[in-house]
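Reviewing the structure listed below.
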Amino acid sequence: MTWLDMVIQGGIWALEILAIVVPVALSVAYITYAERRIIGWIQVRQGCNRVGPFGLLQPLADGLKLFLKETIIPTNANKFLFVAAPVMALMPALLAFAVVPFGETTLFGLWETAHVMAIANLNVGVLYVMAISSLSIYGILMAGWASNSKYALIGAIRSTSQMISYEISMGFSIVCVLILSGSLGLTDIVHGQEGGLLHWYFIPLFPMFIVFFISGAAETNRSPFDLPEGEAELVAGFFVEYSGMWFATFSLAEYGAMILISLMTSIMFLGGWYPPFEFLGFIPGTVWLLAKAFFLVFVFIWFRATFPRYRYDQLMRLGWKVFLPWTMAWIAVVGFATYAGDLSENLSFISDAIGFYQPWR
Amino acid sequence: MLETTFFYLFGGLAVFAALGVILSKNTMYSVMWLILCFFNASGLFFLLDAEFLGVILVLIYVGAVMVLFMFVVMMIEVNQAAKREGWLQYLPVGGMIALILFIELVAASTSGVFTTGDMAMTGHIGAEVNNTVEIGKVLYTKYLLGFEIAAIILLVALIGAIVLTLRERKDAKYQNISKQVNVRKEDRLTKVSM
């Protein structure tokens, strides 16, 4: 490999990364707008409608305002970690997008075979997303500790225990998906759901679909699980001392994680880039995937407008006493169903039924 | 060539981070250096095509174990001066371990087992071999007994930790949700004839 090849390869990688990061940042900006408009609509009021037509320039105005604000670093704060924490929070939220397959394309017939639209088509994609998204804890912990404020510290500790608790049920619900797909690669998981609505994994794994999505809401500190922010008792939780752009970076990370959870739910349970019915196949797969993901983002916002915040012990109860036994039981159910046919001939109808979702077996 | 560059990058950073762990004065920084060290170790696994091990290293050690480390470090106040005291006392034992490890490493690297030729031979197999599947096959057949024993040990440790820390508090009030949901009007309201 010559130097020129390496430079070209590096340029292609940079373009691929930009092609994902820029849309993510833009959609984060407009999700904040959508959130305010949708909640306004649900609560029978206007929402932001002043800047530009229908208030569409509001995110830009907000961004400008945050950019021009002074960043205040509290006295006795650990300066280095205080500044590094928002970056540490944002990095994993963006890194995880590297393995998300956004669809398959032949580039208008230029390529012979369909290529997967992902920066890295890793064959342990699911584990990678789990590993990277668990890193976002560090940004929060560091922010809480470095601020030298008791509210921030309590917020950080709450957030961490919440994320650790819900990661477990999330992981177990993913195990059910893996039993059906037989692969850790996100592309293979989507391929396993080819063939319309009935093949999607949310039908055999409906409880897991619910558990995964709600755990995702808890994982990203979204309402009704936004205890770390708990305005009523903690002012704003771990980022109480932050202002200006550093504050905005935390929001960027939070909304980025929300998009990621929505994309992962669509990929693992809602058939990824496949249309629900064959006759709708003329719409490109990427449009389907994004439509599903943004519907789920809408559901997140809907949650926020509908449910009051959980109390801390209720949150822990839901995670450990409800979701965890459910997911473990469902692993047993799916696992038993998969091998029921081997146990006895009379039970083979069970494994035939589950075999509908396991074409690779 | 790119691979060699990345190997030296990950390896060098891992050693540098490991030095940072023991040399930094602030315990919080030590924890962070250790995280960086784990990352680079997982990068080395990726270079060996062992992406399952690499991701698991990040998931378990960085995602779970180090979070608990950080929790503990945040909660306890470490006296900076006291930490430096008495290092002479531990020097003989520590120095001995360091010396033995050093001799072992030198012996291993000069023994000829890890000569460059052999290392290159064990290189890349091909995309059709999925190392997650291969590890699973070996783990659940050849090493099943060891795997199950490890699982039992972990289970015992888990139960032990719960037993050690669980204490019933008589003065605390607990919410019984099924009881709350199942409550009827008759349970709360009684009609009193005046």
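Below, chain A is the first sequence line, B the second, and so on; all start at residue 1. Remember, predicted model here, so these are calculated numbers, not experimental data.
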Which pair of heavy atoms, one from B/Leu59 and one from A/Met130, lies closest together, and at what distance? CD1-C, 3.6 Å
OH (A/Tyr312) with more than 12 external heavy atoms under 6.0 Å: yes
Residue from B/Val58, B/Thr132, B/Val62 scoring the most non-hydrogen pairs under 4.5 Å with chain A is B/Val62
Give a yes or no on whether A/Phe172 atom CZ has more than 12 heavy-atom contacts from other residues, nucleotides or ligands under 6.0 Å away. no
Atom OH of residue position B/Tyr61 - does it have more than 12 heavy atoms of other residues, nucleotides or ligands inside 6.0 Å? no
Can you tell me if B/Phe46 has over 12 outside heavy atoms packed within less than 6.0 Å of its CZ? yes
Under the criterion side-chain contact (heavy atoms from CB on, under 4.5 Å), I'd like the reasoning laid out for B/Glu51 against A/Tyr128: C-alpha separation, chi angles, the key distance, then a yes or no. CA-CA 9 Å; B/Glu51 62 265 0; A/Tyr128 174 87; over 6 Å; no
Residue part contacting chain A, namely of B/Met66, when any heavy atom lies under 4.5 Å: both
Pick whichever of B/Val133, B/Leu68, B/Ile35, B/Leu57 has the most heavy-atom pairs under 4.5 Å with chain A. B/Ile35
Side chain, backbone, both or neither: which part of A/Leu127 has a heavy atom under 4.5 Å from chain B? both
Nearest heavy-atom neighbours spanning A/Ser134 and B/Gly63: OG-CA, 3.5 Å
Take A/Trp145 and B/Val73 through the test side-chain contact (heavy atoms from CB on, under 4.5 Å) and record every step on the way to the result. CA-CA 10 Å; A/Trp145 186 78; B/Val73 169; over 6 Å; no
What residue in A/Leu141, A/Ile137, A/Ile164, A/Ile132 has the most heavy-atom pairs under 4.5 Å with chain B? A/Leu141
Between CG of A/Asn78 and OH of B/Tyr29, what distance do you get to the nearest 0.5 Å? 3.5 Å
Any chance you could measure A/Leu135, atom CG, to B/Phe39, atom CZ, to the nearest 0.5 Å? 4.5 Å
Rounded to the nearest 0.5 Å, what separates atom OG1 in A/Thr160 from atom CE in B/Met70? 9.5 Å
Measuring heavy-atom distances to chain B, does A/Leu153 have an atom under 4.5 Å in its side chain, in its backbone, in both, or in neither? side chain
